[in-house]
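Have a look at the structure below, then the notes.
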Protein chains: 2
Amino acid sequence: MPRITLRDIARYCGVDRSTVSRALRDDPLVTPATRLRVLDAADRLNYRPNITARSLAGGRSEALGFVAGSLAAPIDWRLVVHATQRSTERAYNLFVTLYDSDDALYRRAVDRLGQGLADGAIVLPRRSQSDVEVLRDAALRGFPMVFIDNWVEELPAPVVTTDNRSAAQELVRRCLDAGAEEMVLAFPALPNPVEMERLAGAEDAARQAGVRRLQTVGPDDAIDGGASQGPIGIVGSSQGLLHSLMSRSAAQLRLRRMTIGCFDAWLGEPHPADTVIVALQDIEGLARVAVDRALALVAGEAIEGPRIVRLPALEFRTIHPSF
Amino acid sequence: MPRITLRDIARYCGVDRSTVSRALRDDPLVTPATRLRVLDAADRLNYRPNITARSLAGGRSEALGFVAGSLAAPIDWRLVVHATQRSTERAYNLFVTLYDSDDALYRRAVDRLGQGLADGAIVLPRRSQSDVEVLRDAALRGFPMVFIDNWVEELPAPVVTTDNRSAAQELVRRCLDAGAEEMVLAFPALPNPVEMERLAGAEDAARQAGVRRLQTVGPDDAIDGGASQGPIGIVGSSQGLLHSLMSRSAAQLRLRRMTIGCFDAWLGEPHPADTVIVALQDIEGLARVAVDRALALVAGEAIEGPRIVRLPALEFRTIHPSF
DNA sequence: TTGTACGCGTTATCAG
DNA sequence: CTGATAACGCGTACAA
C-alpha cells in the first residue's frame with residue numbers, strides 16, 4: 001500500500017512538486033486554474049501530507065505535548081479535553097503522554113516531545129522531587145514549557161493555576177456557615193505548591209473563625225473523634241482522599257452530621273445526612289490560558305504578566321442528598 | 001538555541017555522521033573504542049536524536065496512537081495508562097488524542113496519525129454512526145487499527161473487548177441472589193455493540209430466573225415503582241448513568257432496599273441501605289492485547305485467532321456501605 | 001571497520 | 001506564475 005505523495009500528484013497533473021505544495025497550502029502565487037486542478041487531483045488520489053516530512057522541512061511540528069502523570073482525577077482529563085480544543089482552535093495538535101508515576105516513562109515522554117515531535121509542552125506535574133530532574137534537561141535546552149494546575153518551584157517555566165488559597169479558605173468558611181463545630185483538614189503530604197497553598201488557606205480560615213477543634217490528618221491517619229458528637233466539617237483536596245479518610249474513621253463519624261468541602265468534583269451521592277460543597281475550578285480557563293502561553297513561548301514572544309497566573313474558582317456548589 | 005545534530009557529534013569526534021549514527025544505534029559493526037568516543041561526545045553535548053527525521057528516513061515512527069472520545073469513565077484512562085506501559089515495554093511510544101464528541105477533531109486526529117506520525121492506532125469508539133465515516137478513510141488506506149473495548153461493526157479491524165454478555169448475566173444473577181424481587185435494566189440507548197450485548201445478557205438472565213417484574217429504562221425515564229416496596233435490583237453500564245436514573249426516581253426508591261449492579265468502577269460510598277456489585281473488567285489485559293495486536297498488524301503479521309477477542313471479567317466485587 | 005552517496009516527503013529560495 | 005534545486009536530520013546500501 002504505497003503512500004500517495006506530492007510527487008504522485010505532480011505527475012498526475014503534469015506540474016512540478018513545488019507547485020503542488022504551493023497549491024495545497026493556498027499560496028496566492030498559484031493560478032486559480034492550476035490550484036483547482038491540483039486540489040482535485042489530491043482529492044481524487046486521496047492524498048494526505050506527510051507530517052513528519054513537513055516538520056522536518058519546516059522546522060516546526062505545529063503540535064504541543066501534554067505531559068501528565070495519570071488522568072485519574074476528573075480535573076486531569078478535563079484539562080486535556082479543553083487543551084485539545086484550544087489547540088485545535090489555534091491550528092495546533094495536542095499529544096498526550098502519560099507516565100503514571102514511572103520516572104523512566106516520564107523522562108522518555110519529555111525527551112520525545114523535545115525531539116522535534118512538539119514545539120512545546122504543557123506539563124501537569126505530580127511529585128515535585130523527580131519532576132525537577134526530568135524536566136531540567138528540556139528546560140535547559142530551551143524547550144518551551146508551561147506548567148498547568150501544579151508546578152515545580154525550581155524551574156522557571158510559566159505557571160497557570162487556580163487560586164487555591166482563596167478557594168480553600170472559602171470551603172472552610174462555608175463548612176462553618178453550614179454549622180460545623182469542628183474542622184478536619186485532609187491534604188496529601190506531598191510537598192507540592194498546590195497542596196501547600198490549600199492547606200495554608202484552610203488553616204488560615206479556620207483560625208480566623210476561631211474553630212473550637214481543628215485537626216490536620218495525614219494520609220494514613222483516622223479522625224480523632226474525641227468526645228464530641230456535634231456537626232463536623234471535613235475539607236480536603238479530592239473525593240478519593242476524603243473517601244478513604246472517612247472509611248478509616250467510620251467509627252468516629254457514624255451518626256454525626258458532616259459537611260464536606262472538596263475540590264473540582266464529587267461523584268455519586270452524599271450520604272443521607274451529609275452536605276458536600278465543591279469548589280469548581282475554571283478548568284477550561286486553565287487549559288486555554290496554558291495553551292495560549294505555550295504558543296506565545298513557541299513564537300518567541302515575551303510572556304506578559306506575572307509568571308504565575310491564578311484563576312479564581314468559578315463557583316462553590318452545594319450538593320444535598322437526593323434521596 | 002541551535003539543536004545538536006549528528007553532524008555536530010561527528011565533527012566533535014572527527015568521524016563521519018554515519019559512524020555516529022551507527023554507534024548510537026549500537027551497531028556491532030562499529031569499534032568499541034569509537035563507539036565509546038561517540039557515546040561520550042553525545043552525552044557531553046547533550047544530544048537528542050530528531051525523531052521526525054528518523055521517522056522520515058526509516059519509514060516508521062515507532063509510535064502508536066490512542067484515539068478516544070473522552071476519558072471521563074475510569075475505564076478509559078486506565079486503558080490509556082496500561083496501553084502506555086505495554087507500548088513502552090515493546091519499545092513503542094503512545095500518543096493519546098481526544099476528540100470529545102467533536103467530529104472535526106476526531107477526523108483530524110485520525111488523519112494526523114495516519115500521516116506518518118504513528119504506525120498504527122488503537123481506537124476507542126463511542127458513537128458508532130460517525131465513527132464509521134471518520135475511520136473508513138484510514139482503514140481503506142490500510143492504516144493499522146485495532147478497536148478496544150467498543151467497536152464498529154462495519155469496519156473489519158480486529159477487536160479487543162470484554163465478555164459483556166456474561167458479565168451482565170452474572171450481575172443480574174447476583175442482584176437476585178442478594179434478594180432483589182424485581183429488576184431494572186439501565187443501558188444507554190446508543191446502538192453500539194457493547195451496550196447491546198450487555199442489555200441482551202441482562203435480559204436473558206432476568207428471564208431465565210423468572211423475575212416477577214422487569215423493566216428496561218431509557219436515558220430520560222424514571223423507574224416505575226408500581227405498588228411494590230420490596231427489594232429492587234438495578235443493573236446498568238456506569239455509575240453516572242445509574243446515579244442520574246436514581247436521582248430521577250428518588251420518590252420511587254426512597255426506603256426500598258436496593259442492590260446495584262455496575263460495570264468497571266464505583267466511586268464513593270453506597271447509600272446506607274444499599275449494596276453495589278461491580279463487574280471488574282480486565283482493563284490491563286485489554287490494553288496489553290490491543291497493543292500487541294496493533295504491533296502485529298504494523299509488522300504485517302497475520303492476525304491469529306478470531307477477529308473479536310473477549311476477555312472475561314476479573315472479579316465481581318461487592319461493596320457494602322462502610323458507615 | 002569506516003566513509004560516500006542517496007533517499008525519505010516536504011518547504012523555501014532562487015531563477016526563469 | 002512556475003520549475004529546478006537545495007536544504008531539514010537521519011538511516012543504509014554500497015564502496016573503500
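Residue numbers begin at 1 in each chain, while the letters A, B, ... track the order of the sequences.
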Test salt bridge (charged side-chain N to carboxylate O under 4.0 Å, His left out) applied to B:R307 - qualifying residues, sequence neighbours left out: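 With neighbours one apart ignored, the set is empty.
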
Sequence-distant partners of A:E195, salt bridge (charged side-chain N to carboxylate O under 4.0 Å, His left out), two or more places apart: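 Once residues adjacent in sequence are excluded, A:E195 has no partner under the salt bridge (charged side-chain N to carboxylate O under 4.0 Å, His left out) criterion.
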
Pairing residues for B:F66 by the ring pair (Phe, Tyr, Trp, His ring centres under 6.0 Å) criterion, not counting sequence neighbours: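 By the ring pair (Phe, Tyr, Trp, His ring centres under 6.0 Å) rule, B:F66 matches no residue at all.
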
Global bending angle along the helix from C:dT1-D:dA16 to C:dG16-D:dC1, which compares the axes of five pairs at either end, to 10 degrees: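 Axis angle across the helix from C:dT1-D:dA16 to C:dG16-D:dC1, nearest 10°: 50°.
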
Presence of A:T34 side-chain N/O under 4.0 Å of D:dT2 phosphate oxygens OP1/OP2: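 True: A:T34 side-chain N/O within range (under 4.0 Å) of D:dT2 OP1/OP2.
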
Any A:T19 side-chain N or O less than 4.0 Å from OP1/OP2 of D:dG3: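 Yes, because at least one side-chain N or O of A:T19 sits under 4.0 Å from OP1 or OP2 of D:dG3.
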
Pairs touching residues 95-122 of chain B that satisfy ring-ring contact (aromatic ring centres under 6.0 Å, His included), sequence neighbours left out: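 As it turns out, the ring-ring contact (aromatic ring centres under 6.0 Å, His included) pairs with a partner in residues 95-122 of chain B, which skip direct neighbours, are A:F95-B:F95, B:Y99-B:Y106.
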
Which donor-acceptor pairs under 3.5 Å do side chains of residues 284-291 of chain B form with protein atoms, sequence neighbours excluded?
from, atom 1, to, atom 2, distance (Å)
B:R288, NH1, B:E89, OE2, 3.4
B:R288, NH2, B:E89, OE1, 3.1

Pairs meeting criterion salt bridge (Lys or Arg N to Asp or Glu O under 4.0 Å) with involvement of residues 289-299 of chain B, two or more places apart: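 Every pair satisfying salt bridge (Lys or Arg N to Asp or Glu O under 4.0 Å) with a residue in residues 289-299 of chain B: B:R86-B:D292, B:R90-B:D292.
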
Salt bridge (Lys or Arg N to Asp or Glu O under 4.0 Å) partners of residues 94-120 of chain A, not counting sequence neighbours, each pair once: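 Residue pairs passing salt bridge (Lys or Arg N to Asp or Glu O under 4.0 Å), neighbours aside: A:D103-A:R127, A:D111-B:R48.
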
Contact state string [nucleotides 10-16 of chain D, B base, S sugar-phosphate only, - no protein heavy atom under 4.0 Å]: BSBB---

B:D8 (side chain) donor-acceptor with B:T5 (main chain) under 3.5 angstrom: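 Yes.
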
Outermost DNA chain C nucleotides near chain A [under 4.0 Å, heavy atoms]: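 Answer, 5' to 3': C:dG9 to C:dT13.
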
Side chain to side chain contact (heavy atoms under 4.5 Å, CB included) involving A:N150 - partner list, sequence neighbours excluded: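 Partners of A:N150 by the side chain to side chain contact (heavy atoms under 4.5 Å, CB included) criterion, ordered by chain and then number, come out as A:P125, A:R126, A:N192, A:P193, A:V194.
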
In residues 23-30 of chain A, what donor-acceptor pairs under 3.5 Å come from side-chain atoms, sequence neighbours left out?
from, atom 1, to, atom 2, distance (Å)
A:D27, OD1, A:L29, N, 2.9

